[in-house]
Amino acid sequence: MIAFVSGPVAALAPTTAVVEVGGVGMAVQCTPNTIARLRIGQEARLATSLVVREDSLTLYGFADDDERQVFELLQTASGVGPRLAQAMLGVHSPDALRLAVATGDEKALTAVPGIGKKGAQKILLELKDKLGAPLGTSGLVGAQRAVASGPVPWTEQLSAALIGLGYASREAEDAVAAVTPQAEAAIAAGGTPPVPQLLRAALQTLNRAR
């Protein structure tokens, strides 16, 4: 198992970071939040989890070991694969997910694209007692506040990801404005703005503008 990768960031894409390790570029699948923290040419250390399939080897990257552990535990629930587990971490922090499972908070899980009411109920049942208590320094109260305040606004996630990809703040603002109707349509339909799809649409807008 590849526990982590460390080295300069060679390239960034909406859901992928390439980290140079010993002269080899390792492609790592990351959430928009993780991508937003990275900068091309700067050193990075990502905790990783290697997912092996018959036709592929996919490396998933995380800000720290705790995120990776939660990512792997989430997949012990039936119907939760690596992509959905990563989507859950893209919306909620590890502690927020622990609290959601501990308190049976269906609403927190249905905020994740791809999880409906029945799916949330099943995940909560199967993960009960597996994730453990929140680990934050302020304990359960801090985690409750994190859930109460909700996930980071999609506009902030998208803007940070675009700036991380090398765009200027003004360009990021214009791109966010351009895809706002798509986000509002998702909200009106009762869902949450799909940040990865919005990021791709924003990049297309920026490429046309150039």
Side-chain angles (χ1 to χ4, degrees), residues 2-22 24-51 58-74 82-98 111-113 134-138 142-143 145-147 149-176 179 183 192-203 205-206:
I2 302 174
F4 69 90
V5 295
S6 179
V9 178
L12 290 171
T15 59
T16 307
V18 177
V19 179
E20 184 179 341
V21 181
V24 177
M26 305 288 286
V28 187
Q29 300 295 308
C30 304
T31 66
N33 285 341
T34 300
I35 292 289
R37 298 188 184 104
L38 305 177
R39 297 291 183 272
I40 294 176
Q42 294 185 6
E43 292 287 323
R45 183 186 188 280
L46 297 173
T48 57
S49 179
L50 181 63
V51 176
T58 306
L59 199 60
Y60 289 85
F62 310 92
D64 53 39
D65 293 337
D66 185 40
E67 271 195 1
R68 178 186 63 199
Q69 181 182 26
V70 171
F71 169 79
E72 293 173 348
L73 287 171
L74 290 173
R83 291 187 181 278
L84 184 55
Q86 191 173 58
M88 293 170 75
L89 285 166
V91 174
H92 297 296
S93 69
D95 268 0
L97 285 171
R98 289 188 180 97
V112 179
L135 304 179
T137 54
S138 54
R145 288 174 181 168
V147 171
S149 63
V152 176
W154 71 268
T155 52
E156 292 183 18
Q157 292 185 48
L158 185 55
S159 179
L162 290 169
I163 292 172
L165 289 169
Y167 290 95
S169 297
R170 180 64 184 176
E171 289 178 307
E173 290 175 6
D174 291 344
V176 170
V179 301
T192 56
V195 175
Q197 290 92 321
L198 291 173
L199 182 54
R200 282 191 283 271
L203 288 171
T205 298
L206 288 166

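This one's a predicted model, so the numbers in the text were calculated from it and none came from an experiment.
- With sequence neighbours excluded, the residues forming a side chain to side chain donor-acceptor pair (under 3.5 Å) with Glu72 are Ser49, listed by chain and number.
- At least one side-chain heavy atom of Pro94 sits less than 4.5 Å from a side-chain heavy atom of Leu89.
- A heavy-atom distance below 4.5 Å is found between the side chains of Val70 and Arg98.
- A search for side chain to side chain contact (heavy atoms under 4.5 Å, CB included) contacts involving Ile2 returns Val5, Met26, Thr48, Leu59, not counting sequence neighbours.
- Around CZ of Arg45, the count of heavy atoms belonging to other residues, nucleotides or ligands within 6.0 Å exceeds 12.
- In this structure, Glu20 has no side chain to side chain donor-acceptor pair (under 3.5 Å) partners at least two apart in sequence or on a different chain.
- To the nearest 0.5 Å, the span separating CD on Gln69 from CG on Leu74 amounts to 10.5 Å.
- Every salt bridge (charged side-chain N to carboxylate O under 4.0 Å, His left out) that Glu173 has, sequence neighbours left out, goes to Arg170.
- Take Asp64 and apply the side chain to side chain contact (heavy atoms under 4.5 Å, CB included) test, not counting sequence neighbours, and it matches Asp66, Glu67.
- Scanning both residues, Ala10 and Ile40, for their nearest heavy atoms gives O-CG2, 4.0 Å.
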**Report entry** Derivation and outcome, side-chain contact (heavy atoms from CB on, under 4.5 Å), residues Leu46 and Arg68
**Finding:** CA-CA 10 Å; Leu46 297 173; Arg68 178 186 63 199; over 6 Å; no

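- When all heavy atoms are compared, the tightest approach of Ala44 to Leu38 is CB-CD2, 3.8 Å.
- For Phe71, the ring pair (Phe, Tyr, Trp, His ring centres under 6.0 Å) partners are Tyr60, Phe62, not counting sequence neighbours.
- Contact annotation: the side chain of Thr31 approaches that of Gln86 to within less than 4.5 Å [non-hydrogen atoms, C-beta and beyond].
- The shortest heavy-atom contact between Pro14 and Ile35 is O-CG1, 3.9 Å.
- Considering every non-hydrogen atom in both Leu84 and Pro113, the closest pair reads CD1-O, 3.9 Å.
- Across every non-hydrogen atom of Asp65 and Ala47, the tightest pair is OD1-CB, 3.4 Å.
- Heavy-atom minimum distance, Pro8 versus Gly41: CB-O, 4.3 Å.
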